[in-house]
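Let me begin by presenting the structure, written as structure tokens, before commenting on it.
Here is the naming used below: chain letters follow the sequence lines, and residue numbers restart at 1 for every chain. Predicted, not measured: the structure shown is a model, and the values here were computed from it.
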There are 2 protein chains.
Amino acid sequence: MRKTIEHVAQLAEVSKATVSRVLNNSPKVTEQTREKVMKAIKESGYYPSAMARRLTTNKAETIGLIIPSPQDKTFGNPFYTEILRGFTHQAKIEGYDLLLFINEHQFNYSQLFHDRRVDGLLLVGVNRNDKGIIQLSKNNFPYMLTGKIDYKEANYVDAENRKGAYQAVSYLVNLGHKRIGYLGGSFDFVFNQERFEGYLQVLKEHNLEYGKELTMESINTEESGYEAMRKLLESSSIPTAVFVANDLDAIGSMKAVKEKGLRIPEDISLIGFDDIQLASYTEPTLTTVRQPIYEMGTTAISLLVQLIEGKKEVPLKVELPTQLIIRGSSGGKI
Amino acid sequence: MRKTIEHVAQLAEVSKATVSRVLNNSPKVTEQTREKVMKAIKESGYYPSAMARRLTTNKAETIGLIIPSPQDKTFGNPFYTEILRGFTHQAKIEGYDLLLFINEHQFNYSQLFHDRRVDGLLLVGVNRNDKGIIQLSKNNFPYMLTGKIDYKEANYVDAENRKGAYQAVSYLVNLGHKRIGYLGGSFDFVFNQERFEGYLQVLKEHNLEYGKELTMESINTEESGYEAMRKLLESSSIPTAVFVANDLDAIGSMKAVKEKGLRIPEDISLIGFDDIQLASYTEPTLTTVRQPIYEMGTTAISLLVQLIEGKKEVPLKVELPTQLIIRGSSGGKI
DNA sequence: CTGTTAGCGCCTTCAA
DNA sequence: TTGAAGGCGCTAACAG
């Protein structure tokens, strides 16, 4: 038979209420009785039942994690594994479980709240025009996105994408580059658009050339980065530097550049975005804009918990600073 | 205020017990009262409280999913995203939630059972000499592994790795190949060893040469496959076919072969293992041994649930058949 | 076939 | 500071 709070109470010769107080670190317990109870807990091998606690407190102590269907390549991306580490780490600290859901087609987020299985939702890789989020907001369900979407009232944690891109491209300009290309992901995600806008802003401020010939789309995989860069290099006058808006594409790009017989950074400078682990191991190492991915994960959880516990008000929008990491793939234009 | 079963009972003019019976599809309810109750449920917008149900039935309706720390590259592997799809799909069908845990260093699996947060554990990518599993078995906690380990009493779902490798290499032999190389992952995982053994068995049965010069280790990434194949091709007499024990390494290998100026399959035949999506998109397409990854996922959940509900006895060992998928990377030795 | 009753194990007033 | 009692929302006997 399973031990209950009753057994501990008897063993310690106190009431159930007192045991409960000890369990929940209530201040109004004598140090003496606390020790007595703790001893009884140890001896009996008692663990409080999560379900009973959850029923009485009307809290699920649980966050639903919604990830995009892995059919999209997205989930294999190092970004997701890293932010996941942040999620699990912080969730444990905050005392919340993480429930895993795959965001299949036509998935109705709200239903998860109805039977109180989750206190809040953490949504990863949501499409920018997802309508489900609006319902969450309207119903006042606590939720948090990792990444901005079009809906203005949405809660999210993101990186300062525009600023990061601006900084990276400014750095290239300061190195003397005049013809700077852009290679990045689909505008289906806001962060891609913002990075592009940051890039564009620098070029405009410096009256540098921009346009279709300098721009190429890819999908955040080494393969696609390779292909996109190949196309970019077919141009009659190729750029002397390219800002690649994510590291996987950048790493794929490197291969294409080398294959073409061009040197990095002597002939072409390359800057990525993300600072995934791999970026330190390429040849040459990749200059990139670091997003604090792990911190975005912990921050998202921590803010969501505050939302759940009523300590913050919606809308909750947070952008974490990026940092330019200068490595070997970028250099001056002679 | 939140609706309870009481409200529905009053609305439908029946007792709580009857509502409960309808909710749980009990056969002993008149079709008439069932409809009456269903109507009341609809009207009231009632959803039963998961926590209350779980407390009464003493079931968490929850499976703990333990994944290796993503610091290992493993989690970025398509294998994991695919098996995850199987997990979530089947868990939903069986009515279980999936709780996500990262297998950090020194993680004590058993503790998750103590407070009854999970009914069982699903462990992915467990090291072959993990001692924690023995504790689970000894304590009679329901659990399931994806992949065999050294502990003989362990429950697991795996693919027929040895047989799959045997079949692949036999096929190469039948094509006329006499010098067949092996490239694969660390024996830290049993499946790698089994695949190697399947390979070796064929060579021995046909009195073909084998040994260090024909064997190379890698770590299941394109990068490492590329590097490993480069080394293999430095040999004075290179193989005419190589069995690469996983697709990512195989795809990396292809690049190395092409770079060396050799043709696939004219100069070297290549066979992979896994049949990840990418295998259909390489140039040439990759002949490979398909593991039923998705089915391994659904099977693991379904067996675990049967273990939880006492419908199966331990030890529970299941190996799912593989299938040789012949594509463009393999051909006859002239 | 339906209703009544008694918990599941915990937390939380309210008294003492 | 501690204890007694009630209730969270549901299911599971047991009657009827």
Side-chain angles (χ1 to χ4, degrees), chain A residues 1-41 44-62 95 97 113-119 309, chain B residues 1-41 44-62 95 97 113-119 309:
Chain A
M1 192 45 207
R2 191 176 156 54
K3 307 271 181 202
T4 74
I5 203 170
E6 181 82 49
H7 297 115
V8 179
Q10 288 177 6
L11 226 174
E13 296 176 311
V14 296
S15 71
K16 295 191 295 177
T18 301
V19 178
S20 175
R21 290 191 187 98
V22 171
L23 251 23
N24 295 293
N25 296 314
S26 164
K28 359 182 178 182
V29 182
T30 324
E31 191 53 40
Q32 197 179 359
T33 53
R34 180 183 303 280
E35 280 175 17
K36 205 166 52 177
V37 171
M38 291 302 269
K39 185 155 160 282
I41 290 176
S44 60
Y46 164 77
Y47 284 84
S49 151
M51 294 312 159
R53 176 166 17 96
R54 290 169 184 184
L55 179 60
T56 25
T57 58
N58 196 26
K59 288 188 53 184
E61 305 174 351
T62 302
D97 282 339
F113 287 95
H114 293 319
D115 61 4
R116 296 269 154 144
R117 273 191 300 181
V118 302
D119 301 312
E309 297 177 352
Chain B
M1 192 46 206
R2 193 174 153 54
K3 307 272 182 202
T4 75
I5 203 171
E6 181 82 48
H7 297 117
V8 179
Q10 287 177 6
L11 226 174
E13 295 175 313
V14 296
S15 72
K16 294 190 297 176
T18 300
V19 178
S20 176
R21 289 193 188 95
V22 171
L23 251 24
N24 296 292
N25 296 313
S26 163
K28 5 182 176 179
V29 181
T30 323
E31 191 53 41
Q32 196 178 359
T33 52
R34 181 184 302 280
E35 280 176 17
K36 206 166 52 177
V37 171
M38 291 300 269
K39 186 155 161 280
I41 290 176
S44 60
Y46 164 76
Y47 283 84
S49 151
M51 292 313 158
R53 175 167 16 94
R54 290 169 184 184
L55 179 61
T56 346
T57 58
N58 195 27
K59 289 187 50 182
E61 304 174 351
T62 302
D97 282 338
F113 287 94
H114 293 317
D115 61 2
R116 298 269 155 143
R117 273 190 300 182
V118 303
D119 301 312
E309 297 176 352

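In terms of the side chain to side chain donor-acceptor pair (under 3.5 Å) criterion, residue partners of B/E309 (sequence neighbours excluded) are, by chain and number, B/Y96, B/K311. Residues forming a side-chain contact (heavy atoms from CB on, under 4.5 Å) with A/I5 (at least two apart in sequence, or on another chain): A/K16, A/V19, A/S20, A/L23, A/Y46. Under the side chain to side chain donor-acceptor pair (under 3.5 Å) criterion, A/N58 pairs with no residue, sequence neighbours left out.
One can place CE of A/M51 at 16 Å from C1' of D/dT11, the figure rounded to the nearest angstrom. For B/L55 and D/dG9, the CG to P distance is 12 Å, given to the nearest whole Å. Atom pair A/R116:CZ and D/dC8:P shows a separation of 14 Å (rounding to whole Å applied). The separation between B/E13 atom CD and C/dT2 atom P is 14 Å, rounded to whole Å. Per the geometry, NZ belonging to B/K28 stands 15 Å off P belonging to D/dT11, to the nearest Å.
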(request) Between protein and nucleotides 10-16 of chain C, map the contacts as a letter string: B base, S sugar-phosphate only, - none, heavy atoms under 4.0 Å, written 5' to 3'. (result) BBBB---

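The stretch residues 31-40 of chain B does not touch DNA chain D, since none of its heavy atoms comes less than 4.0 Å from the strand.
Contacts classified as salt bridge (Lys or Arg N to Asp or Glu O under 4.0 Å) and involving residues 45-57 of chain A (residues at least two apart or in different chains) are given here: A/R53-A/E61, A/R54-A/E61, A/R54-A/D97.
Closest non-hydrogen pair, A/A60 versus A/R116, comes out as CB-O, 3.5 Å. Looking at every heavy atom in both residues, A/T62 comes nearest to A/R117 through CB-O, 3.5 Å. B/M38 approaches B/V22 most closely through the heavy-atom pair SD-CG1, 3.7 Å. Contact record, A/A40 with A/A12: CB-CB, 3.7 Å, taken as the closest heavy-atom pair.
Taking side-chain N and O atoms only, A/T18 has a distance below 4.0 Å to OP1 or OP2 of D/dG3.
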